[in-house]
Asks: 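Got a structure here, written out as structure tokens. Questions coming.
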Amino acid sequence: MVTMPLKRLHVPRGADLHPQVLLQQHINRGSKRLARMTGREEPSEHALRSELHKRLYLLESGPGSRSGAVAAIQGSNFGKRYHRSGLAAAAVMGNGTIGSEMGNSTGTANGTVAGGTTTGNGTNTGVSPLDIQAATNGGVTVAKPPTANDSLGLNIEANDVSYIATIKIGTPPRDFQLLVDSGSADFWVAGENCQSQQGGCGNHTTLGAQSSSSFVQSTQQFQVTYGSGAVQGLLCQDNVNIGGLALNNHTFGVATAESIQFASTTTPFDGLMGLAQSTLSQEKVLTPVEALAANKLIQSPITSFKIPRLSDQLNDGEVTFGGLDPTKFVANTLVTIPNANTAGFWEGAMDAITVNGASTGLTGRTAILDTGTTLILAPPSDAQQVMQSLGGACDAQQCTIPCTTQASLALSFGNTSFAIDPKDLAVLPINPNDPTGTCTAGIQPQMIGTATEWLVGDVFLKNAYFSTDVAKNQISLAKLATT
């Protein structure tokens, strides 16, 4: 079993992207990602851009606005991975994902950021200044050393947008920062000759024959399209070290071309480690955890996640290979359910969806559990019903909630209810100078498949220990241990 820490890096962001645009970009990315997950036709670029145009029209300074004042978090990353959240960073892409590329930020939005945090007794007093600063400035917060063997620390990108681990590749071995993603199945890094719309592939660590004497490139091509970007390149073989586990001559991808979402110098990772099942792989090779098990470096192809929260300042994120870290969860709360997805994603049946302990009446729902998605994306009618119960509101474009909400939303798997901390339901304030006002909600409306399918990202996964087992095709969840 191997455990690796997850960390957060500081990367300043631009100041020209309105948070509403970021939100729609996250939602668009989520839509594309879910379509790919479920084998459905992806929404067209025209449709995605149309949604962005609607959002721009409704901005406070846009033609559909009622006033000319725009309250924006300047340079916010709240759109790039929020499917990997819901908002997007520089380019107009689409996937409903809100991922971050942010980091340890020291500045504040528009000068001073007023209070807003969660007190020791669990009272939510508004959005944490740390989250607002991270959304504004970007960067990566580095994880503490993992507490289990065969593990990597998970670094936090920006305000919990995405999670990054460090592995070693090549001879001599060099550090590569990889985005850890349970919602895809391809492992790749940038190549030495990588190109993008901006020329090269930024300031990222690259791999090739010049930097690694053990690197062997093939002629087999691969191409992967994500909700928030695309890469293409060639398969290669090289030595990979994951938390002390030496996976020699491993086959994976080296990118020769990346879209700007990956190539940008503000993107704090050098590649991506997909940890869904290899049946999803565009490279048609084993995922790292499957390869570790096949080479008998770990007993079983199990991957376990402790997803961290920036505002907690614990920096205790961790991904463990080959087993579970018993220090991270309460043993008698562990439940195991079958994987309901036949394509290779990790999808579980939800027994119940409750608000403040009362049933919402939503039954027969399933959830794709995706560490690479920042928010929760639910069919519009479900999102509307849940948000009304939470005291929030939804329009045709987004859902909002009071930043100081005390409402409790819980998702039940295996007849065990997992509550979402209220502070995770209030992602960022609409007005960055008012962290106790109205916030963008952690749940957003988006049809991602059928009317019963949800895409459940880090807003939920920060509140549970999450484990997958390829061999048994099952998912385990447990309540987190208290520190």
Asks: Distance alone, cut at 3.5 Å: any donor-acceptor contact between the side chains of S128 and S311?
Replies: no
Asks: Crowded around N193 CG? As in, over 12 foreign heavy atoms under 6.0 Å?
Replies: no
Asks: Tell me whether K306 is salt-bridged to D325, with the criterion being a basic N under 4.0 Å from an acidic carboxylate O.
Replies: no
Asks: Before you tell me yes or no, could you show the steps for I443 and F460 under side-chain contact (heavy atoms from CB on, under 4.5 Å), namely the whole-Å CA-CA distance, both residues' side-chain angles and the distance that decides it to 0.1 Å?
Replies: CA-CA 10 Å; I443 302 174; F460 170 77; over 6 Å; no
Asks: Examine distances only and state if a side-chain atom of Q444 and a backbone atom of C399 form a donor-acceptor pair shorter than 3.5 Å.
Replies: yes
Asks: Going by atom types only, do Q195 and T256 share a side-chain donor-acceptor pair under 3.5 Å?
Replies: no
Asks: How close do S304 and L324 get, counting heavy atoms only, and between which atoms?
Replies: OG-CG, 3.5 Å
Asks: Quick check against the 3.5 Å criterion: does D351 have a side-chain atom that pairs as donor or acceptor with the backbone of N415?
Replies: yes
Asks: Return the minimal non-hydrogen interatomic distance between D370 and S182, and the atom names on each side.
Replies: CA-OG, 3.3 Å
Asks: Can you tell me if N248 and Q237 form a side-chain donor-acceptor pair at under 3.5 Å?
Replies: no
Asks: Would you tell me whether S412 and S417 have side-chain atoms, one donor and one acceptor, within less than 3.5 Å of each other?
Replies: no
Asks: Answer yes or no: is there a side-chain heavy-atom contact under 4.5 Å between V254 and Q217?
Replies: yes
Asks: Test side-chain hydrogen bond (donor to acceptor under 3.5 Å, both in side chains) on T279 and Q277; report intermediate values, then the result.
Replies: CA-CA 5 Å; T279 50; Q277 298 185 37; 4.6 Å; no
Asks: Donor-acceptor check, side chain of D312 to backbone of L314, threshold 3.5 angstrom: yes or no?
Replies: no
Asks: Roughly how far, to the nearest 0.5 Å, is the CD1 atom of I260 from the OG1 atom of T267?
Replies: 7.5 Å
Asks: Tell me the closest heavy-atom pair linking D270 and W188, and the distance in Å.
Replies: O-CZ3, 4.1 Å
Asks: What's the spacing between R365 CZ and M350 CE if we round to 0.5 Å?
Replies: 8.0 Å
Asks: Using side-chain heavy atoms (C-beta onward) and a distance below 4.5 Å, is W454 in contact with D382?
Replies: yes
Asks: Kindly indicate whether the side chain of Q398, heavy atoms from C-beta on, has any atom under 4.5 Å from the side chain of T440.
Replies: yes
Asks: On a heavy-atom basis, which atom in G348 and which in I337 lie closest, and how many Å separate them?
Replies: CA-CD1, 3.8 Å
Asks: Would you say the side chain of D181 lies within less than 4.5 Å of the side chain of L275, judging by non-hydrogen atoms?
Replies: no
Asks: Is there a donor-acceptor pair under 3.5 Å between the side chain of S211 and the backbone N or O of L207?
Replies: no
Asks: Looking at D458 and L461, would you say the former's side chain and the latter's main chain have a donor-acceptor pair under 3.5 Å?
Replies: no
Asks: Determine, stepwise, if the pair I242 / V240 fulfils side-chain contact (heavy atoms from CB on, under 4.5 Å).
Replies: CA-CA 6 Å; I242 301 175; V240 177; 3.8 Å; yes
Asks: To check you understand the geometry: which heavy-atom pair defines the closest contact between A426 and V127, and what is its length?
Replies: O-CG2, 4.0 Å
Asks: Step by step, work out the side-chain contact (heavy atoms from CB on, under 4.5 Å) result for F413 and F418.
Replies: CA-CA 8 Å; F413 298 88; F418 296 90; 4.3 Å; yes
Asks: What distance do F187 atom CZ and L272 atom CG have between them, rounded to the nearest 0.5 Å?
Replies: 9.5 Å
Asks: Are the side chain of Q133 and the backbone of L130 linked by a donor-acceptor contact shorter than 3.5 Å?
Replies: no
Asks: Show your reasoning for whether salt bridge (charged side-chain N to carboxylate O under 4.0 Å, His left out) applies to K168 and D175.
Replies: CA-CA 5 Å; K168 294 183 180 295; D175 287 347; 2.7 Å; yes
Asks: Can you tell me how far apart CG (L292) and OG1 (T287) are? Round to the nearest 0.5 Å.
Replies: 8.5 Å
Asks: Given side-chain contact (heavy atoms from CB on, under 4.5 Å), test I167 with M273 step by step and report yes or no.
Replies: CA-CA 10 Å; I167 69 169; M273 181 189 291; 4.0 Å; yes
Asks: Is the shortest heavy-atom distance from the side chain of L247 to the side chain of N295 under 4.5 Å?
Replies: yes
Asks: Say you draw a straight line from CG of L409 to CD1 of I420; how long is it, rounded to the nearest 0.5 Å?
Replies: 4.0 Å
Asks: For W346 and N339, run side-chain hydrogen bond (donor to acceptor under 3.5 Å, both in side chains): C-alpha distance rounded to whole Å, both residues' side-chain angles, the deciding distance at 0.1 Å, then the answer.
Replies: CA-CA 6 Å; W346 299 111; N339 182 16; over 6 Å; no
Asks: Using modelled atom types only, decide if a donor and an acceptor are shared between the side chain of N341 and the backbone of A343 within a distance under 3.5 Å.
Replies: yes
Asks: Are side-chain heavy atoms of L310 and D131 found at a separation under 4.5 Å?
Replies: yes
Asks: Flag yes if more than 12 heavy atoms outside Q197 fall under 6.0 Å of its CD atom; otherwise flag no.
Replies: yes
Asks: May I ask you to decide if T336's main-chain N or O and S476's side chain share a donor-acceptor pair within less than 3.5 Å?
Replies: no
Asks: Taking 4.0 angstrom as the limit, do R309 and D160 come out as a salt bridge?
Replies: no
Asks: I need the minimum non-hydrogen distance between F222 and V231, along with the two atoms involved.
Replies: CE1-CG2, 4.0 Å
Asks: Under the side-chain hydrogen bond (donor to acceptor under 3.5 Å, both in side chains) rule, what do Q198 and S264 come out as? Steps first, then yes or no, please.
Replies: CA-CA 8 Å; Q198 63 182 12; S264 172; 5.2 Å; no
Asks: Does either side chain, that of D186 or that of S281, offer a donor lying less than 3.5 Å from an acceptor on the other one?
Replies: yes
Asks: Verify whether the ring centers belonging to Y226 and F262 lie closer than 6.0 Å.
Replies: yes
Asks: Any non-hydrogen side-chain atom of L334 less than 4.5 Å from a side-chain atom of K479?
Replies: no
Asks: Is the closest side-chain donor-acceptor distance between E258 and S196 under 3.5 Å?
Replies: no
Asks: Would you say S278 and E290 are linked by a side-chain donor-acceptor pair, where the criterion is simply a distance under 3.5 Å?
Replies: yes
Asks: Could you tell me which residues satisfy side chain to side chain donor-acceptor pair (under 3.5 Å) with S212, sequence neighbours excluded, listed by chain and number?
Replies: S214, D238
Asks: Evaluate side-chain hydrogen bond (donor to acceptor under 3.5 Å, both in side chains) for T205 paired with R174, printing each intermediate quantity in order.
Replies: CA-CA 9 Å; T205 302; R174 292 180 301 142; 5.3 Å; no
Asks: In terms of side-chain heavy atoms, does T166 have a donor or acceptor partner in Q177 at a distance below 3.5 Å?
Replies: yes
Asks: Is there any ring pair (Phe, Tyr, Trp, His ring centres under 6.0 Å) pair reaching into residues 464-483, and which pairs are they, with sequence neighbours excluded?
Replies: F305-F466, F329-Y465
Asks: Between CG of D421 and NZ of K462, what distance do you get to the nearest 0.5 Å?
Replies: 9.0 Å
Asks: Can you tell if the side chain of V189 reaches within under 4.5 Å of the side chain of I169, non-hydrogen atoms only?
Replies: yes
Asks: Under 3.5 Å, is there a donor-acceptor pair between the side chain of Q232 and the main chain of V224?
Replies: no
